[in-house]
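Reviewing the structure listed below.
The residues of the chain are indexed from 1 along the displayed sequence.
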Amino acid sequence: MADKGGHPGGPGRAPEAGGCDKVRNVALVGHSGAGKTTLVEALLTATGTLQRPGRVEDGTTVSDFDEVEVRQQRSVNLALAPFTHGDVKVNLIDTPGYADFVGDLRAGLRAADAALFVISAVDGIDGLTRMLWEECAAVRMPRAVVITKIDQQRGDYDDVVMACQEVFGEGVAPLYFPAAGEDGLKGLIGLLSQRCIDYSSGRRAECDPDPRYLEQIAEQRASLIEGIIQESEDETLMDRYLSGEDIDVKALIEDLETAVARGSFHPVLATSVPHGDHPGPVIGMPELLEVITQAFPSPLEHGIPPVTPVKGGPPKELTCDPEGPLVAEVVKTTSDPYVGRISLVRVFSGTLRPDTTVHVSGHGMAERGHEDHDVDERVGALTSPLGKTQRVVSSCMAGDICAVARLSRAETGDTLSDPGSPMVMAPWSMPDPLLPVAIRARSKADEDKLSQSLARLVAEDPTLRLENNAETRQLVLWCMGEAHADVLIDRLKTRYGVEVERVDLRVPLRETFGGKAGGLGRHVKQSGGHGQYGICHIEVEPLPSGEGFEFVDKIVGGVVPRQFIPSVEKGVRQQMARGVSAGYPLVDIKVTLYDGKAHSVDSSDMAFQAAGALALKDAAGQVPVLLLEPVDEVAVLIADEYVGPIMSDLTSRRGRVLGSQAVPGGRTMIKAEVPQLEIVRYATDLRSMSQGTGTFSRTFLRYEPLPAHLADKVAAESRDA
């Protein structure tokens, strides 16, 4: 990942942390198109990290350097952008805003101590942003809101502030509001300082606000001060304020910063960055930097996730101490064809140094194809990434983030610790991939490289699950959505030189008998020397769903010798696995062996196996063979406003709605039984129907007969495949 150029202003030396209290780890969260990447460029330029900002349209931004991101002009990866402001090092974590890449977003929140929600004044709040706010609220992560694009004609700052207060709840209050000039946006008005910050000249200057804003300042300032006082630890402050005392602004700012750091107060800021047809000045960066560095908590103030010894035992009480035991976590893994695997690591305790040995502990996602680890590895060089540029650092102390080279076994979510006392961190919440995409290699050369390339993708992405389905003989990528699948297939081609193509997904069906039938299996061959001789008569009848297979021996008189009766059963089982109609496994039948013939010389185990298989196929020709489809229990969590359409849609998919129940936060949980054939693309369809707010889970329930009009079509397709 060496710097290949392309950014208009090259970075200098890597910033260094002067201590745990001088670090801020901040995740940028917001919907796609809100302006997170552009905001990163503006902050890097404002702090002197870059000489001038790059542009998303030109593919020259620091955080969107992947080939896919440049082409699509949107973030699909987590990216780190460190800088210093004053004596504070800020690790800005730019996260993707599209729902398909929520894995990287969750990883960014894990590495951060605070979240900055970026919301467009034009587009407002989307469903994903609302859900992430609730997730952060559940763990009391400190949050602030920055409203971008306030200079655009369709942007409405006041409306978006009101929406934030309505959706995000109490504790949300603006610190500034936009001030208009003769030629458009002039700057900001600070509610606490009651001063206008004028950016119209291209430089930041303070002046008295226009008299037309005085009433608005007084009204919003009073509301802001009341909100700050409610969070103050000084219980006398409210009484003093209500009695008319003029509260010192410095004291208010200190109370505000304390409330923000503990996650109970959420300031709203405003920014504008030149882009496209909006060439105006950069507005609001110093104000935003002040909140990030002064109000957001340091790693010392934000707790460490639970840590336990690898061998078991009570959790370890750790603090953010550079001299403590080493505990770090891999929050992002990338594979570079030239450099190899690079791991982005957040150090929670101790100090990570290059060329030392660490213990790599697994992450508990073996069911997704992500191998658990319990090995020692030697750390390579440590670097501070800024886009695709890796700048060497001598160490990484507790609270800081760095990139580590040459960790060949570590994957996203793994814990790095001292080999003498290995530990593992509790995993973070990761959504299940629910969109199956079947692929196959385009050529024999691609097939030879496919397995290794997929293993690398799996190591990078914990939201990807790889399945090699033995029944359908298909390779299936379980993805978060269509965009996720497209990026994975693109990476196989551009990064690893492997071309694959999508194929129709085959749902694993079953067959069963539609009634009772008799079957004759006659396997008699004579070709010189010992022949083959085995004859058996069986009766087949269906069993209730889920009963499996039952074999009954009713042979009398030794017409089939005892040693060959298991051979008949084995032959029947082998034919059941192959199917008798459309090539799907046969289930839920009872087979009774009641007659047969044997030869003293030519009968053998193989002969009676063949006879048993032939008898089952013969019986299948006497009665209808039913196709059975898998049925899942589906639980859909949806906003109340979408309950009606979602229920109607589930019914149209041959689903049976079992009921619904209210969930806090204005949502409803709907439970239904739906055939798997009908929900292959439900992850994509639900997102479309619910504006990105709906989620669902699925659990296999049972097999049921496929309707006749569908069974004929599926059987024909299976025979042609």
Side-chain angles (χ1 to χ4, degrees), residues 114-121 124-125 129-130 133 136-137 140 142-148 150 155-180 185-197 206 208-272 283-284 286-288 290-292 294-296:
L116 185 62
F117 280 72
V118 182
I119 298 172
S120 164
I125 304 169
T129 304
R130 180 183 308 194
W133 183 275
C136 292
R140 294 188 67 83
R143 285 148 283 155
V145 177
V146 56
I147 298 176
T148 60
I150 59 173
D156 193 320
Y157 177 81
D158 293 333
D159 277 359
V160 175
V161 169
M162 290 177 61
C164 290
Q165 293 172 327
E166 179 181 345
V167 173
F168 298 154
E170 296 181 358
V172 177
L175 300 184
Y176 304 88
F177 67 84
L185 185 65
K186 176 181 180 180
L188 304 173
I189 293 178
L191 293 175
L192 288 180
S193 67
Q194 303 182 82
R195 298 283 286 169
C196 177
I197 306 162
E206 290 192 19
D208 292 329
D210 191 303
R212 60 180 166 152
Y213 289 120
L214 294 180
E215 183 177 344
Q216 184 178 355
I217 292 172
E219 180 182 342
Q220 293 193 21
R221 187 174 192 269
S223 177
L224 172 62
I225 291 175
E226 288 178 12
I228 295 172
I229 290 176
Q230 286 177 358
E231 299 296 333
S232 174
E233 296 177 355
D234 185 350
E235 297 178 357
T236 68
L237 205 57
M238 181 61 79
D239 292 336
R240 289 158 48 197
Y241 175 70
L242 293 177
S243 66
E245 181 179 335
D246 191 13
I247 307 299
D248 180 41
V249 172
K250 184 178 179 181
L252 289 172
I253 292 174
E254 289 176 354
D255 283 337
L256 182 149
E257 291 174 351
T258 301
V260 172
R262 68 170 176 247
S264 58
F265 189 81
H266 317 293
V268 180
L269 299 101
T271 64
S272 174
I283 293 176
E287 292 73 33
L288 178 56
E290 183 180 20
V291 169
I292 289 174
Q294 301 301 318
F296 278 163

Side chain to side chain, [X] and [Y], heavy atoms closer than 4.5 Å:
{"X": "F177", "Y": "I150", "answer": "no"}
{"X": "V145", "Y": "I119", "answer": "yes"}
{"X": "P267", "Y": "V260", "answer": "yes"}
{"X": "S272", "Y": "L185", "answer": "yes"}
{"X": "I229", "Y": "D255", "answer": "no"}
{"X": "L175", "Y": "V268", "answer": "no"}
{"X": "L192", "Y": "I225", "answer": "yes"}
{"X": "F265", "Y": "I228", "answer": "yes"}

Which atom of [X] lies closest to which atom of [Y], heavy atoms considered:
{"X": "C136", "Y": "R143", "answer": "CB-CD, 3.5 Å"}
{"X": "P178", "Y": "L188", "answer": "CA-CD2, 4.2 Å"}
{"X": "I147", "Y": "S120", "answer": "CG2-C, 4.5 Å"}
{"X": "Y157", "Y": "P174", "answer": "OH-CB, 3.7 Å"}
{"X": "P209", "Y": "R195", "answer": "CD-CA, 4.4 Å"}
{"X": "A259", "Y": "E231", "answer": "CB-CB, 3.6 Å"}

For the atom pair [atom1] ([X]) and [atom2] ([Y]), what is the distance rounded to the nearest 0.5 Å?
{"X": "K186", "Y": "C196", "atom1": "NZ", "atom2": "SG", "result": "4.5 Å"}
{"X": "L269", "Y": "I292", "atom1": "CG", "atom2": "CD1", "result": "8.5 Å"}
{"X": "S223", "Y": "Q165", "atom1": "OG", "atom2": "CD", "result": "6.5 Å"}
{"X": "E233", "Y": "E254", "atom1": "CD", "atom2": "CD", "result": "11.5 Å"}

Taking [atom1] in [X] as the centre, count heavy atoms belonging to other residues, nucleotides or ligands within less than 6.0 Å. Is the count above 12?
{"X": "R221", "atom1": "CZ", "answer": "yes"}
{"X": "Q216", "atom1": "CD", "answer": "yes"}
{"X": "E206", "atom1": "CD", "answer": "yes"}

### Query
Looking at E257 and R262, does any basic side-chain N land under 4.0 Å from a carboxylate oxygen?
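No salt bridge links E257 with R262.
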### Query
Hey, is the main chain of Y213 close enough, under 3.5 Å, to the side chain of D210 for a donor-acceptor pair?
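It does not hold such a pair.
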#### Entry: Verdict with supporting geometry, D234 and R240, salt bridge (charged side-chain N to carboxylate O under 4.0 Å, His left out)
CA-CA 10 Å; D234 185 350; R240 289 158 48 197; 3.3 Å; yes
### Task
Walk me through it: do L252 and L224 pass the test side chain to side chain contact (heavy atoms under 4.5 Å, CB included)?
CA-CA 10 Å; L252 289 172; L224 172 62; over 6 Å; no
Looking at residues at least two apart in the chain, or sitting in another chain, which of them share a side-chain contact (heavy atoms from CB on, under 4.5 Å) with [X]?
{"X": "D248", "answer": "K250, A251"}
{"X": "A114", "answer": "P142, F296, P297"}
{"X": "E166", "answer": "none"}

#### Entry: Verdict with supporting geometry, T271 and I283, side chain to side chain contact (heavy atoms under 4.5 Å, CB included)
CA-CA 5 Å; T271 64; I283 293 176; over 6 Å; no
### Query
Using the ring of each side chain (for Trp, its six-membered ring), is H266 parallel, tilted or perpendicular to W133, with breaks at 30° and 60°?
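H266 vs W133 ring planes: perpendicular.
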### Message
Evaluate I197 against E287 for side chain to side chain contact (heavy atoms under 4.5 Å, CB included), listing each step before the verdict.
### Response
CA-CA 10 Å; I197 306 162; E287 292 73 33; 3.4 Å; yes
### Message
Apply side chain to side chain contact (heavy atoms under 4.5 Å, CB included) to residues F117 and I125 and explain how you reach the verdict.
### Response
CA-CA 10 Å; F117 280 72; I125 304 169; over 6 Å; no
